[in-house]
Structures are given as C-alpha cells and as structure tokens.
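All of these numbers come straight from a predicted model, not from anything done at the bench. Keep in mind that the numbers below use all heavy atoms, side chains included, and drop hydrogens, waters and symmetry copies. In what follows, residues are counted from 1 in the order of the sequence shown.
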Amino acid sequence: MPPEPTYFVQIALPEEPERWHTVARVQGRELADEVVRLAAGSYMRTTVIEHYAARAVSQSRLRREGVLAHAQWELGMGEHRHYGRALVERAERNLASR
C-alpha cells in the first residue's frame, strides 16, 4: 500500500486573514481534515471572539508554489508550532475513538 500523502495544516488569524501560518504536518487526508476542524473551532483557545480560518495544503502544492521550506521552518521555529502539536495530538485521539 502506498504511503498516505503529506499535508500541511495552516491557519490565518482574524487580524491577518491573507497570511497563512503553518502549524502542523500530517499524513493522510482524514487526519488533516480533523486538525483543520479543530483549528477552525475554539480548541485550546480561552477566548474566542473570531475563529481562525484553517486549511490543509498538500506538500506537493507548497513545493510547486516555492514555499515548502518556509512551511517547514514554521513547524520548527514558528510561534504557532506548540498549538499545532496540541491540535494533532487531539485529532489523533478523536480519530482513534471513532
């Protein structure tokens, strides 16, 4: 069986809706969709006045657009990396309990 595709989950903050921040890298569309669902909601946020926009982008698309290196940098050094790790952990638990 071929490996599942790699997706990068990105969020856009309400104050910067045109700027996407990479928060997670996951294998498979189902996990990517669950992380997106959590990120677009209020998970791990104490005050939610406006929701984040969230999306899953394929690794190949980021490579084609010339922004893969930046997305990988954000996963290691970006300010939202801890939030992304928490989202992935919760998404994995959610999917395991189904």
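A salt bridge does not link Arg85 with Glu89: none of the charged nitrogens is closer than 4.0 Å to a carboxylate oxygen. A salt bridge links Arg98 with Glu34; the closest basic N to acidic carboxylate O contact falls under 4.0 Å. Between Arg29 and Asp33 there is a salt bridge, with a side-chain nitrogen of the basic residue lying less than 4.0 Å from a carboxylate oxygen of the acidic one.
In this structure, the separation between CD on Glu79 and NE2 on His21 is 6.5 Å, given to the nearest 0.5 Å. Note that CD of Glu74 is 3.5 Å distant from NE2 of His70, once rounded to the nearest 0.5 Å.
In terms of hydrophobic clustering, with Ile, Leu, Val, Met, Phe, Trp and Tyr side chains grouped at heavy-atom distances under 4.5 Å, Tyr83 and Leu13 are assigned to a common cluster. Transitive grouping of hydrophobic side chains (ILVMFWY, heavy atoms separated by less than 4.5 Å) brings Leu38 and Val23 into a common cluster. Residues Trp20 and Val88 fall into different hydrophobic clusters, defined by Ile, Leu, Val, Met, Phe, Trp and Tyr side chains chained together at heavy-atom separations under 4.5 Å.
Taking both residues in full, the closest heavy atoms of Pro14 and Pro17 are given as O-CD, 3.4 Å, listed atom of the first, atom of the second, then distance. When all heavy atoms are compared, the tightest approach of Arg81 to Leu75 is CB-O, 3.5 Å. Among all heavy-atom pairs drawn from Ala54 and Ala39, the shortest one is CB-CB, 3.9 Å. The two atoms that bring Ala91 and Leu31 nearest to each other are CB-CD1, 3.7 Å, heavy atoms only. Shown here for Val9 and Ala32, the closest heavy-atom pair between the two residues is CG2-O, 4.2 Å.
For CD of Glu30, the number of neighbouring non-hydrogen atoms (other residues, nucleotides, ligands) closer than 6.0 Å is 12 at most.
Among Thr22, Val26, Val67, the single residue meeting the side-chain contact (heavy atoms from CB on, under 4.5 Å) criterion with Phe8 is Thr22.
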